[in-house]
Number of protein chains: 2
Amino acid sequence: MRDEEIAAIRELALFASMDEKNFDELVQGSYLQIFPPGLQLISEGDPADFLHIVIEGCVELVATANKRETTLFMIEPVKTFILAAVLKDDVYLMSARTAIRSRILLVPADAVRQVMAKDGEFALGMLHELANYYRVSVRTLKNQKLRTGVERLANYLITLDTLQGASGVCKLPHDKRTLASYLGMTPENLSRAFGTLAQYGVEVSGRKISLSNLEDLTVLAKPEKLIDG
Amino acid sequence: MRDEEIAAIRELALFASMDEKNFDELVQGSYLQIFPPGLQLISEGDPADFLHIVIEGCVELVATANKRETTLFMIEPVKTFILAAVLKDDVYLMSARTAIRSRILLVPADAVRQVMAKDGEFALGMLHELANYYRVSVRTLKNQKLRTGVERLANYLITLDTLQGASGVCKLPHDKRTLASYLGMTPENLSRAFGTLAQYGVEVSGRKISLSNLEDLTVLAKPEKLIDG
DNA sequence: CGTTTGGTTGATAGGAATCAACTTCAGTGG
DNA sequence: CCACTGAAGTTGATTCCTATCAACCAAACG
């Protein structure tokens with residue numbers, strides 16, 4: 001790993017206030033690797049051997065059962081994933097694959113656990129990271145249990161537009177199949193949901209979305225701070 | 001709080017290995033209280049002022065949106081709840097109410113955060129507790145997104161029977177309205193789901209359930225270690 | 001070019017919510 | 001003791017949401 005990359009990683013909230021020596025110990029055994037899109041990084045059920053950190057790109061966390069598959073989370077830079085499995089020294093509950101070409105830092109799980117035990121600052125950093133993930137997961141669960149598909153899409157679009165500058169024009173970060181899976185619906189239903197939203201000023205052209213009637217859309221979506229953030 | 005109660009709390013995995021002085025500091029400002037059934041302990045959106053620990057009884061974590069309500073988790077002794085909100089010094093994402101008469105320990109949030117910062121053992125305890133909750137939340141999400149209502153009920157019953165001794169006879173720990181909300185369906189639909197399961201050997205009499213054909217039920221339910229534990 | 005991949009549309013069926021009526025049962029009070 | 005009450009649970013009819021299967025379209029790519 002290059003010095004400048006190490007320095008960049010050091011800046012992350014997770015590592016910022018930890019001891020220099022402990023940081024070195026973590027980085028020592030780590031690998032920074034580039035993966036092509038669509039590559040399976042982790043399979044659910046496997047033991048957790050590395051803590052993964054997305055430095056660049058995007059990773060999709062998916063789960064399978066009953067011959068069905070669903071996307072649970074999309075992880076964007078700079079964030080860890082499968083932290084809980086590493087921490088509990090247990091198997092992964094989700095599979096992970098790159099959504100696009102991605103640079104990922106792999107930190108050996110036992111190193112993480114060892115450093116965590118002796119570096120309080122690092123443990124606190126982990127605690128905050130994990131608390132964030134827990135809250136995201138709860139929000140996701142509420143989104144899923146309390147809203148219909150159309151409502152989830154509407155809220156997704158409003159949030160997306162806000163994140164991209166609230167200009168009323170935004171661009172989907174993933175293909176629609178992935179989005180459908182993330183929103184808990186089939187691609188066919190996502191397509192119909194976009195159709196339904198047309199009468200609320202949502203125009204779709206490929207991945208480009210324009211929201212020309214945010215008021216009506218918001219009435220339909222009923223966004224909630226405790227779900228959408 | 002009585003000495004024997006303090007001693008019992010000290011035994012919890014969360015506190016077991018922490019420093020005596022720090023434990024005292026935590027317990028000092030805490031209250032142990034008994035609440036009647038159905039009492040609202042916490043409202044979603046409120047700032048987190050106390051870490052709650054169920055010593056005895058049962059607490060239901062619910063969330064509301066769109067004039068709908070759903071039960072996200074049931075917390076049984078001895079477990080904490082709303083840990084993440086306390087940790088992040090943020091608002092609660094869920095409301096909490098007692099399902100039955102319950103004894104609950106209330107630990108001031110700022111004390112928790114202070115002790116956490118200086119007691120590495122306690123921080124590690126928290127980290128494990130939180131990691132457990134995260135994984136429960138992910139399992140719940142998978143259960144919700146990958147299964148139908150009848151499948152969720154079937155798996156719930158199989159797990160319940162296992163927990164209660166795998167005798168083929170078990171007893172629902174909550175009323176059916178609560179169970180329906182927890183399983184993400186309406187009471188009417190839960191009733192029908194029980195009806196559907198009759199042909200798989202599920203007999204219902206009030207809260208008493210008997211599973212006379214576990215093989216067929218299991219074929220329908222398709223339990224997964226990575227969802228049902 | 002044709003072939004693939006991603007996306008859309010239509011028809012149909014299945015899963016789940018809603019509304020309304022009815023039953024059961026526990027608790028209350030006459 | 002029994003009738004009343006209210007809550008919990010069930011059942012039926014209907015509507016709505018969602019998945020499935022199939023066909024079709026279109027941009028992307030060798």
Side-chain angles (χ1 to χ4, degrees), chain A residues 36-38 60 64-71 97 99-100 143-156 171-200 202-209 220-222, chain B residues 36-38 60 64-71 97 99-100 143-156 171-200 202-209 220-222:
Chain A
E60 188 185 356
T64 310
N66 281 343
K67 292 175 190 169
R68 298 177 181 215
E69 183 188 279
T70 190
T71 301
R97 64 165 166 257
I100 53 177
N143 193 35
Q144 192 65 37
K145 286 183 86 174
L146 294 167
R147 287 176 172 158
T148 66
V150 173
E151 287 170 342
R152 290 196 294 276
L153 176 59
N155 280 292
Y156 178 86
K171 186 162 170 277
L172 300 177
H174 321 293
D175 61 29
K176 289 181 186 158
R177 282 173 78 254
T178 306
L179 180 58
S181 176
Y182 176 68
L183 292 175
M185 50 177 114
T186 58
E188 294 95 323
N189 255 320
L190 176 62
S191 197
R192 285 183 244 276
F194 271 122
T196 304
L197 292 185
Q199 59 200 78
Y200 295 87
V202 176
E203 285 158 64
V204 184
S205 166
R207 287 202 188 176
K208 286 192 196 99
I209 311 288
L220 172 78
K222 298 175 215 65
Chain B
E60 187 183 357
T64 311
N66 280 342
K67 293 176 190 167
R68 297 177 183 217
E69 182 188 279
T70 191
T71 301
R97 65 166 165 257
I100 53 177
N143 193 33
Q144 192 65 37
K145 287 183 84 174
L146 293 167
R147 287 176 172 158
T148 66
V150 173
E151 286 169 344
R152 290 196 295 277
L153 175 59
N155 280 291
Y156 177 86
K171 185 162 170 278
L172 300 178
H174 321 293
D175 60 29
K176 288 181 186 159
R177 281 175 79 254
T178 306
L179 179 59
S181 177
Y182 177 68
L183 292 175
M185 49 177 114
T186 58
E188 295 95 323
N189 255 320
L190 176 62
S191 197
R192 285 184 244 277
F194 271 121
T196 303
L197 292 186
Q199 58 200 62
Y200 294 88
V202 176
E203 286 157 64
V204 183
S205 166
R207 286 201 188 177
K208 286 191 197 100
I209 311 287
L220 172 78
K222 298 174 216 66

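So that the names make sense, note that chain A is the first sequence line, chain B the second, and so on, each numbered from 1.
- Side-chain contact between B:Asn66 and A:Leu146 is absent, with no heavy atoms from C-beta onward closer than 4.5 Å.
- The side chain to side chain contact (heavy atoms under 4.5 Å, CB included) test applied to B:Thr196 returns B:Val150, not counting sequence neighbours.
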Interface polar pairs with nucleotides 20-22 of chain C, N/O, under 3.5 angstrom:
none

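- Considering only side-chain atoms of B:Arg152, the nucleotide from D:dT10, D:dT20, C:dA16 that sits closest is C:dA16.
- B:Leu197 is listed as a side-chain neighbour of B:Leu220, based on a closest heavy-atom distance under 4.5 Å.
- Of the candidates C:dT9, D:dT10, C:dA17, C:dT9 carries the atom nearest the A:Ser191 side chain, counting heavy atoms from C-beta on.
- Look at CE on A:Met185: it is 12 Å from P on C:dT8, rounded to the nearest Å.
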Where do N or O atoms of nucleotides 14-17 of chain D meet protein N or O atoms at under 3.5 Å, pair by pair?
none

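- Applying the salt bridge (Lys or Arg N to Asp or Glu O under 4.0 Å) test to pairs two or more places apart or on separate chains, none has a residue in residues 173-184 of chain B.
- Checking the phosphate oxygens (OP1, OP2) of D:dT18, no side-chain nitrogen or oxygen of A:Thr186 falls inside 4.0 Å.
- When rounded to the nearest whole Å, the span between CZ of B:Arg207 and C1' of D:dT10 equals 17 Å.
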For a quick test of your reading: what N or O donor-acceptor pairs under 3.5 Å do the side chains of residues 179-189 of chain B make, sequence neighbours left out?
residue, atom, partner, partner atom, Å
B:Ser181, OG, B:Thr71, N, 2.7
B:Ser181, OG, B:Thr71, OG1, 2.8
B:Thr186, OG1, B:Asn189, N, 3.2

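- We find that CG of B:Leu197 is positioned 13 Å from P of D:dT10, with the value rounded to whole Å.
- At whole-Å resolution of the value, CD in A:Glu151 and P in D:dT18 are 8 Å apart.
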For nucleotides 25-30 of chain D, give me every protein contact, N/O to N/O, under 3.5 Å, one pair per line with atom names.
none

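- Residue order along DNA chain D, read from the 5' end via each residue's closest nucleotide, puts B:Val204 first among A:Gly184 and B:Val204.
- Evaluation of the salt bridge (charged side-chain N to carboxylate O under 4.0 Å, His left out) rule for B:Lys222 yields B:Glu151 as partners, not counting sequence neighbours.
- The CZ atom of B:Phe194 sits 15 Å away from the P atom of C:dA16 (whole-angstrom rounding).
- Considering only residues two or more places apart in sequence or on other chains, B:Pro173 meets the side chain to side chain contact (heavy atoms under 4.5 Å, CB included) condition with B:Tyr156, B:Leu160.
- Atom P of nucleotide D:dA7 and atom CZ of B:Arg177 are separated by 10 Å, given to the nearest angstrom.
- In this structure A:Arg147 satisfies the side-chain hydrogen bond (donor to acceptor under 3.5 Å, both in side chains) test together with A:Asn143, A:Asp228, sequence neighbours excluded.
- The side chain of A:Arg192 approaches D:dT20 more closely than any other nucleotide in the set D:dT20, D:dT10, D:dA13.
- Residues passing the side chain to side chain contact (heavy atoms under 4.5 Å, CB included) test with B:Glu69, sequence neighbours excluded: B:Val62, B:Thr64, B:Arg97.
- B:Lys171 meets the side chain to side chain contact (heavy atoms under 4.5 Å, CB included) test with B:Gln164, B:Arg207; sequence neighbours excluded.
- Across all strands shown, B:Arg68 has heavy atoms under 4.0 Å from sugar-phosphate atoms exclusively, and none from any base.
- In this structure, B:Lys67 atom NZ and C:dT18 atom P are separated by 12 Å, rounded to whole Å.
- Within the 4.0 Å cut-off from OP1 or OP2 of C:dA17, at least one side-chain nitrogen or oxygen of B:Asn189 is found.
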